[in-house]
Amino acid sequence: MRVKAQQRILPFVLKEVEAWSYSNGIKHNSIWLVQAAGVYHRESRKGRYQLTYKEAKAVCKYEGGTLATYEQLEAARQIGFHVCAAGWFDKGRVGYPIVKPGSNCGFGKVGIIDYGYRLNKSETWDVYCYNPNSKECGGVLTEQQKIIQSPGFPEEYEDEQICYWHIRVRLGQKIRLHFMEFDVEDDTECLADYLEVYDSYDDVSGFAGRFCPDYLPLDIISTGNVMTLKFLSDASVTAGGFQLQYIAFNASLPHK
């Protein structure tokens, strides 16, 4: 059953954690952003680090794309694409893009963490694909406010979707996430289809919650100027999907 927002609800304010930002706000231009938006991360439905090189290429090809090149992955990183998960990219190379250095991800470095060309193509990792014409299923979002929808909304989303939305707004701002409609597969254990929210620049830290209810979740307010959303659907039942909105606001000002 699709649930729509009927009234303003009290926000869920996240416990403050260290937040990432560019030093001078957002650095991008619209042309570069569109080009880099074609790069995306995929993992197996079995979990992280389950794809051989052959399987990784098949995942990208199935979605109409190819393995991303080093240059494409770096272009995406330059506009805020940060994923703490090693994956295959072009020519049998493995690595991942890091924007903010951290002790638990990237060995304290910034850039493409490059594991080099792998001799053993049976090793299992995630994958980074490139398809500038792919349907919207995640991306890097830098607008001051935007509507985020499940793939195909208001029609039902498809099986076996894994989508990441990386929200990056200006230094000194916070993000308010407001749920407008929400309808995913009914599962009391929340293991089938769900949306996860992270008060962080990736899905490694800052976990704020996993959502699969038949009611609208409360608003979520970030502690800094970044937020990550992950939507996952399994191989069976689908539903109407979701629609939500994020709004950036100055952290020094009250926001209702």
Side-chain angles (χ1 to χ4, degrees), residues 1-6 9-15 17 37 40-48 63 80-85 126 134-141 143 145-169 174-224 226-248:
M1 178 180 67
R2 178 171 291 164
V3 183
K4 295 187 177 181
Q6 298 293 333
I9 51 183
L10 295 175
F12 167 45
V13 181
L14 299 169
K15 182 179 179 181
V17 297
Y40 54 93
H41 164 258
R42 286 287 184 265
E43 63 186 51
S44 169
R45 275 291 313 172
K46 300 176 184 178
R48 187 158 286 182
E63 297 181 346
F81 188 56
H82 174 113
V83 182
C84 189
D126 290 351
S134 63
K135 62 184 178 182
E136 185 172 350
C137 177
V140 180
L141 310 178
E143 296 91 337
Q145 64 180 56
K146 188 175 180 67
I147 300 293
I148 298 175
Q149 301 177 151
S150 53
F153 186 89
E155 302 300 323
E156 293 191 354
Y157 54 82
E158 297 179 5
D159 293 329
E160 299 187 319
Q161 296 286 300
I162 303 177
C163 309
Y164 287 86
W165 290 270
H166 304 275
I167 305 172
R168 315 284 191 244
V169 296
K174 292 185 178 182
I175 301 160
R176 184 187 188 106
L177 194 66
H178 176 62
F179 292 82
M180 303 166 68
E181 298 191 35
F182 202 85
D183 178 25
V184 300
E185 179 183 352
D186 187 18
D187 175 18
T188 56
E189 296 183 352
C190 212
L191 297 174
D193 302 351
Y194 56 80
L195 177 73
E196 289 182 336
V197 178
Y198 294 83
D199 185 33
S200 178
Y201 43 86
D202 56 30
D203 63 337
V204 175
S205 61
F207 180 71
R210 176 181 289 188
F211 304 97
C212 58
D214 57 359
Y215 58 86
L216 284 173
L218 298 177
D219 286 14
I220 299 175
I221 297 177
S222 69
T223 59
V226 297
M227 187 177 280
T228 297
L229 280 61
K230 176 182 179 181
F231 173 62
L232 186 147
S233 63
D234 65 10
S236 57
V237 180
T238 63
F242 59 83
Q243 183 181 63
L244 49 88
Q245 180 183 43
Y246 79 81
I247 300 175

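Because only heavy atoms are used, hydrogens play no part in the values below, and waters and symmetry mates are left out as well, while side chains stay in. Along the sequence shown, residues carry numbers from 1.
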What pairs with Arg48 under salt bridge (charged side-chain N to carboxylate O under 4.0 Å, His left out), at least two apart in sequence or on another chain? Glu43, Asp126, Asp203
Shortest non-hydrogen contact between [X] and [Y], atoms and distance:
X	Y	result
Ser150	Gly240	OG-O, 4.3 Å
Ala192	Leu232	O-CD2, 3.7 Å
Lys174	Ser222	CD-O, 3.4 Å
Ile175	Val169	CG1-CG2, 3.8 Å
Cys212	Tyr194	CB-CB, 4.3 Å

List in chain and number order the residues that pass side-chain contact (heavy atoms from CB on, under 4.5 Å) with Gln245, two or more places apart in sequence or in another chain; answer none if no residue qualifies. Gln145, Ile147, Met180, Ile247
Separation between [atom1] of [X] and [atom2] of [Y], rounded to the nearest 0.5 Å:
X	Y	atom1	atom2	result
Ile220	Asp199	CD1	CG	9.0 Å
Leu177	Trp165	CG	CH2	11.0 Å
Tyr164	Phe81	OH	CZ	9.5 Å
Cys163	Gln149	SG	CD	12.5 Å
Gln243	Asp183	CD	CG	13.0 Å
Arg168	Glu143	CZ	CD	13.0 Å

Contact check, side chains of [X] and [Y], non-hydrogen atoms, under 4.5 Å:
X	Y	value
Ser200	Thr228	no
Met227	Tyr246	no
Leu195	Phe179	yes
Ile167	Lys146	no
Leu216	His178	no

In chain order, what residues pass the ring-ring contact (aromatic ring centres under 6.0 Å, His included) check against Phe231, with sequence neighbours excluded? Tyr157, Phe242
